[in-house]
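Below: one structure, written as structure tokens.
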Amino acid sequence: MATLRVSSLLASSSSSLHCNPSVFTKCQSSPRWAFSFSVTPLCSRRSKRIVHCIAGDTLGLTRPNESDVPKVLIVLYRCIYFCLEPRVYWEQPLYLIKSEVEISIGAKDTDVVQWQGDLLAIGTTENDLARDENSKFKNPLLQQLDSKLNGLLSAASSEEDFSGKSGQSINLRLPGGRITLVGLGSSASAPTSYHSLGEAAAAAAKSAQARNIAVSLASTDGLSAESKINSASAIATGVILGRELVNAPANIVTPGVLAEEAKKIASTYSDVITVNILDAEQCKELKMGAYLSVAAAATENPPYFIHLCFKTLTKERKRKIALVGKGLTFDSGGYNLKTGAGSKIELMKYDMGGAAAVLGAAKALGEIRPFGVEVHFIVAACENMISGAGMRPGDIVTASNGKTIEVNNTDAEGRLTLADALIYACNQGVEKIIDLATLTGAIVTALGPSVAGAFTPSDGLAREVVVAAEASGEKLWRMPMEESYWESMKSGVADMINTGPRDGGAITGALFLKQFVDEKVQWLHLDIAGPVWSDEKKNATGYGVSTLVEWVLRNSL
């Protein structure tokens with residue numbers, strides 16, 4: 001990012017900047033984070049639609065650093081991105097912070113040039129940087145800002161060769177604040193554009209230690225006039241919850257803590273969400289042998305089977321669907337212990353990324369309250385540990401539908417928990433199921449760290465989820481369900497083994513899950529082992545929440 005210090009150059013204009021309220025005027029500090037974000041203008045050209053967000057100092061289950069950490073929430077084109085990694089310190093003994101992030105989003109018509117705060121970030125396309133014959137900006141907003149700054153904006157962009165290309169940014173340090181221009185490329189209609197805008201705004205806010213931030217677009221050509229502000233706010237809280245659950249270490253977020261978080265969601269939205277938590281004995285009564293075999297060794301942190309249910313506010317229900325998340329709060333690999341630098345055993349706290357996405361979606365949908373849909377959120381939470389009571393290689397376990405599984409690898413445990421969870425979901429009478437799981441390393445080999453793999457025998461459901469993911473800005477790719485590979489999963493002493501050969505491991509994992517889904521139910525499996533975690537940022541991404549909510553909302557129409 002190019003950064004320009006503006007001091008003596010502003011001598012002639014600084015007095016006017018401080019006499020009149022402007023973007024460079026500092027607001028008084030507040031105990032809450034305050035952010036402003038522009039969306040589609042609904043009135044005059046001079047007025048830009050500003051979305052105000054206030055986020056509390058604590059996020060979900062975390063205890064934040066005492067220092068001020070700016071956090072930027074971008075809400076544009078029905079996409080939300082919580083862009084700056086939270087700084088979190090964990091303490092003993094185990095605790096559960098009850099206070100949650102508070103985010104409220106409203107709309108206010110205001111002139112961006114007169115907005116008061118610490119930082120104004122403006123997303124600009126290449127067309128927005130067009131000049132007239134006098135080398136002045138043609139774009140109305142940039143023209144007004146440049147005039148306010150006596151031409152400094154135009155001069156700085158020329159000096160730094162800022163042309164609005166994707167990846168470019170320029171930061172002007174002014175006596176009372178900052179302006180950041182962020183290049184969005186040829187168009188601002190793609191969700192990825194807002195990722196770039198959010199990340200640049202977050203970096204600038206962090207550098208400036210800014211509390212009050214406005215994010216605007218120089219122009220809104222090509223954007224839909226529809227801005228679902230309430231939905232964006234709700235999804236934001238869901239994404240934050242999902243990220244914080246995955247970020248938390250395994251000694252903090254245990255199966256019991258996940259269950260408590262589910263209860264908290266149900267309590268907050270008790271008029272639309274109910275909760276049923278099953279302990280090990282209740283799961284045993286339901287003959288969930290596959291799930292319980294994985295949990296058997298974790299005597300200190302017993303399993304909890306979580307079932308949240310959102311029921312529409314109307315009597316008429318168009319859809320009955322389920323979201324199932326893999327909930328391994330820690331995966332040691334069991335007796336097939338994860339060893340070596342490549343095993344990532346130290347990161348196996350993120351093996352409940354699917355569960356985190358499902359709970360985040362539940363929280364968001366409880367806030368949005370869509371009509372015409374009933375949603376079941378299901379998580380078989382447990383740990384995969386080692387003890388004398390633990391599952392052994394060669395054991396045969398029986399799922400709740402009576403199918404038997406020879407365990408030839410205790411580190412292929414997630415599919416065993418999902419087997420009973422999928423059976424349970426089908427028993428709720430749902431029409432469609434999406435499961436999310438950090439299931440295989442093979443999918444990361446195939447698609448890399450940023451793209452999830454989607455497996456389904458249903459072309460219609462595949463199209464639905466792809467459309468939802470594209471609208472949310474999350475990447476996935478449909479993978480083949482090669483039925484001939486199932487031959488490698490057959491056992492001589494049971495109905496199947498739990499893992500096949502190394503080649504095609506992501507496909508055989510999906511084929512395994514398919515054995516526990518009713519043929520009448522449309523089902524899609526998302527292997528999110530890659531995008532659930534960012535190795536570069538060493539942080540959870542919140543992957544899956546936005547896509548799940550978008551998919552549910554489209555099924556509620």
Side-chain angles (χ1 to χ4, degrees), residues 85 192 195 239 242-243 245-247 250 294 324-334 336-358 384 409-418 434-456 462 465-466 469-470 472-482 485 488-489 498-514 524-548:
E85 302 84 4
T192 52
H195 277 295
V239 171
R243 289 186 63 180
L245 287 172
V246 176
N247 280 334
V294 176
V324 179
K326 177 184 172 183
L328 268 292
T329 57
F330 186 74
D331 175 23
S332 70
N336 291 108
L337 184 68
K338 294 179 183 293
T339 58
S343 70
K344 294 189 175 181
I345 190 171
E346 73 281 3
L347 290 177
M348 283 303 107
K349 63 181 184 177
Y350 73 52
D351 214 19
M352 41 69 69
V358 167
N384 183 24
N409 191 325
T410 61
D411 196 22
E413 83 300 328
R415 63 196 67 185
L416 297 176
T417 67
L418 288 170
I434 293 179
D435 81 72
L436 294 88
T438 48
L439 201 72
T440 68
I443 198 65
V444 185
T445 301
L447 298 178
S450 302
V451 184
F455 299 83
T456 178
V465 176
V466 167
E470 288 177 347
S472 301
E474 295 184 320
K475 299 177 182 179
L476 62 82
W477 190 262
R478 188 180 182 187
M479 302 290 284
M481 294 280 288
E482 180 53 56
Y485 289 6
S488 67
M489 297 290 288
N498 70 324
T499 185
R502 181 181 181 88
D503 296 340
I507 298 174
T508 54
L511 291 173
F512 179 92
L513 296 180
K514 182 173 178 280
L524 182 140
H525 161 61
L526 273 179
D527 194 334
I528 62 172
V532 74
W533 183 265
S534 171
D535 284 328
E536 178 184 355
K537 298 180 180 179
K538 303 185 187 312
N539 218 294
T541 64
Y543 184 93
V545 176
S546 299
T547 295
L548 291 180

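FYI, the numbering just counts along the sequence from 1.
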(request) Could you pull out all residues at least two apart from D503 that satisfy side chain to side chain donor-acceptor pair (under 3.5 Å)? (result) none

(request) Would you name the heavy atoms of G509 and R415 that are closest together and state the gap between them? (result) CA-NH1, 3.7 Å

(message) Which residue in the set P531, S450, S546 passes side-chain contact (heavy atoms from CB on, under 4.5 Å) when paired with E474?
(response) S546

(request) Specify the closest pair of heavy atoms between L476 and A469, including all atoms of both residues, with the distance to one decimal. (result) CD2-CB, 3.5 Å

(message) Salt bridge check, K344 against D535: does any charged N sit closer than 4.0 Å to a carboxylate O?
(response) yes

(message) Quick one: does any side-chain atom of R243 pair with a main-chain N or O of A540 as donor and acceptor, under 3.5 Å?
(response) yes

(request) Starting at OG1 of T417, measure out to NZ of K326 and round the result to the nearest 0.5 Å. (result) 7.0 Å

(request) Drop me the distance from T438's OG1 to Y350's OH, to the nearest 0.5 angstrom. (result) 7.0 Å

(request) Please check if the side chain of E413 supplies one atom and the backbone of N384 the other of a donor-acceptor pair under 3.5 Å. (result) no

(request) Spell out, as yes or no, whether a donor-acceptor pair under 3.5 Å connects the side chain of T410 to the backbone of G333. (result) yes

(request) Please check if the side chain of D331 supplies one atom and the backbone of M348 the other of a donor-acceptor pair under 3.5 Å. (result) no

(message) Main chain of T440, side chain of D527: is a donor-acceptor contact present, judged purely on distance under 3.5 Å?
(response) yes

(request) Please name the pair of heavy atoms, one in K538 and one in W533, separated by the smallest distance, quoted to 0.1 Å. (result) C-CZ2, 3.5 Å

(message) Going by the rule side chain to side chain donor-acceptor pair (under 3.5 Å), which residues pair with S332 if we only count those two or more places apart in sequence or in a different chain?
(response) none

(request) Please round to the nearest 0.5 Å and tell me the distance separating atom CZ of R478 and atom CG of L526. (result) 12.0 Å

(request) Please report the closest heavy-atom contact between T508 and M489, naming both atoms and the distance. (result) CB-SD, 3.9 Å

(request) Write down the atom of F330, the atom of I345, and the distance for their closest heavy-atom approach. (result) CE1-O, 3.4 Å

(request) Find the distance between CG (N409) and CG (N498) and round it off to the nearest 0.5 Å. (result) 6.5 Å

(request) Return the set of residues passing side chain to side chain donor-acceptor pair (under 3.5 Å) with T541 (not counting sequence neighbours), or none when no residue passes. (result) none

